[in-house]
There are 2 protein chains.
Amino acid sequence: MTVVLSLKNKKVAVRMKAVSAAENGENDRRGRKASKETRRQQLIEATIDSLAKRGYAETTLADVADGAGLSRGIVNFHFESKEKLLIATLQFMADEYAAHWNAALEKAGEATSSKVWALVAADFDRKICTKRKLAAWCAFWGEAKSRPTYQALCGARDVKYQDLIVALCAQLKAEASYSYDAETIALALSAMMEGLWFRLMMGDGLTREKAHAAAVEYLVTVFPGHMTHQGPK
Amino acid sequence: MTVVLSLKNKKVAVRMKAVSAAENGENDRRGRKASKETRRQQLIEATIDSLAKRGYAETTLADVADGAGLSRGIVNFHFESKEKLLIATLQFMADEYAAHWNAALEKAGEATSSKVWALVAADFDRKICTKRKLAAWCAFWGEAKSRPTYQALCGARDVKYQDLIVALCAQLKAEASYSYDAETIALALSAMMEGLWFRLMMGDGLTREKAHAAAVEYLVTVFPGHMTHQGPK
DNA sequence: ATATATTGAATGAATATTCAGCAAGTATGT
DNA sequence: ACATACTTGCTGAATATTCATTCAATATAT
């Protein structure tokens, strides 16, 4: 081991870094023999990195392995194929996203307006709304139309989410006397949030705060009886 | 020539179709000896087809050549490399998009509200807003963050467009007494249109008409002094 | 000791690129 | 009118490259 150190200096350094990055988790065994789940998670994180840095088409297993500080064959050992790694990565992001807005909904008050406000805020939370993750999402979007599996997972964002937003908008309409069609407003709102995500990813100096402010401005305008710039009434 | 017909039946048939598709242009020489520009355009169209059908990562030169009804080496003959073909394709789409909204702006009346209305309508016009083209755009978006050349061309949509929208919103604000910040509203509006494009591409049964209606609903709500559901006041 | 995780070189498949040759047009000379 | 050389667009087999996958050897943990 120490014999080869002079030759492998660089690589060892990289691996140290990668391992210490994985330390965050609770399941904190390191180096050789990290638990199966830990390794998988580490590889998924490396995949997100690669997708964000190089895009879908340029993401190679070699790059993922390097990013994780592990050797070439590692992905095929823990996932069976590149395809399955990518699906697991997308699945992870979809689960994380869903868990995040569900949690936000839990924490929000009973009032419909509080729920809407919380959902919008959740979309621009630091935890979810990273350039890195947005870029990874976008990499998948580009391939989603031609791959049913991706489409299903990208759309997982909508299946329940969209229904919820529509229901909440309908609720708000019933509470006050807004004239708009609930579905139209729900569509406009969620499309706008997606568009803001997209702009954030493209990164023309748009910040999370400004994006959130734009969404809030919309809420206040459309639901004047329920929202203020500071929060739900 | 006739000797090989029995063997090449299928191929010949495909080529006939491809050639007749290229007939639309003015420069209508066919078969062998189509002008250089015509051939390039034909290959660009085939590239858009492939991007839309198979996504960026799965688009191969073989597929493009087949789609155009031409032989394998053709792309490297007319463009130098796959990369250059893709850049030319994106350039074409960006030019077409810019020309389209500029034309819409020309045709619109002098009033600021007419211009805004025209820009929004242009975005959902049949000519631009095809599933095929949206899918091709999306394929590029996924790679744009990692490739400066793509990013510049995808962003070409904003450089002037975004400035114009901001200026028009500021103008509307000055004409009536809206309280919003013009930049915020402009951001919200254009983000929403991008998000609607995205949803159209993903194709959850959303139609161009419904998407346009959602955008109009927004205009009416934000600029009540200037807009009605039927058009600018 | 055995089982398990990991490595990294070898393999093979996919595919971009090259290029020698062919065919259709075009110009020039007789 | 016909023949000849020359240009240009195109073909498709051969080559080079990139990369996912495999697997025998090795290291580590229990």
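Quick note on labels: first sequence line is chain A, next is B, and so on, each numbered from 1. For the numbers below, each heavy atom of this structure counts, side chains included, while hydrogens, waters and symmetry mates do not. Keep in mind that this is a model prediction, so the values were computed, not measured.
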Rounded to whole angstroms, how far apart are [atom1] on [X] and [atom2] on [N]?
X: A:Glu80; N: D:dA20; atom1: CD; atom2: C1'; result: 13 Å
X: B:Leu70; N: C:dC22; atom1: CG; atom2: P; result: 20 Å
X: A:Asp63; N: D:dC19; atom1: CG; atom2: C1'; result: 12 Å
X: B:Lys36; N: D:dT8; atom1: NZ; atom2: C1'; result: 7 Å
X: B:Leu85; N: C:dT17; atom1: CG; atom2: C1'; result: 14 Å
X: B:Glu37; N: D:dG9; atom1: CD; atom2: C1'; result: 15 Å
X: A:Leu61; N: C:dG8; atom1: CG; atom2: P; result: 16 Å
X: A:Ile74; N: D:dC19; atom1: CD1; atom2: P; result: 20 Å

Checklist line | Test of ring centre spacing under 6.0 Å for B:Tyr218 and B:Trp117 | finding: no

| request: Measure from the ring center of A:Trp141 to the ring center of B:Phe198 and say whether it is less than 6.0 Å. | output: yes

What nucleotide, of [options], holds the atom closest to the side chain of [X]?
X: B:Arg72; options: D:dT11, C:dT6, D:dG12; result: D:dG12
X: A:Phe77; options: D:dA20, D:dT11, C:dT6; result: C:dT6
X: B:Ser81; options: C:dT7, C:dT17, D:dA20; result: C:dT17

By nearest-heavy-atom nucleotide on DNA chain D, the more 5' of B:His78 and A:Ala57 is B:His78

### Task
Answer yes or no: is there an ion pair linking B:Asp125 with B:Arg208, defined by an N-O contact shorter than 4.0 Å?
no

task: Answer yes or no: does atom NZ of A:Lys53 have more than 12 heavy-atom neighbours from other residues, nucleotides or ligands under 6.0 Å?
output: yes

(message) Can you see if the side chain of A:Asn76 gets near the phosphate of D:dA20 - specifically, an N or O under 4.0 Å from OP1 or OP2?
(response) no

Query raised in the report: Can you tell me if the side-chain N/O atoms of A:Lys82 get under 4.0 Å from OP1 or OP2 in D:dC19?
Result: no

Judged by atom type as modelled, is there a donor-acceptor pair below 3.5 Å linking the side chain of A:Gln151 to the main-chain atoms of A:Ser146? no

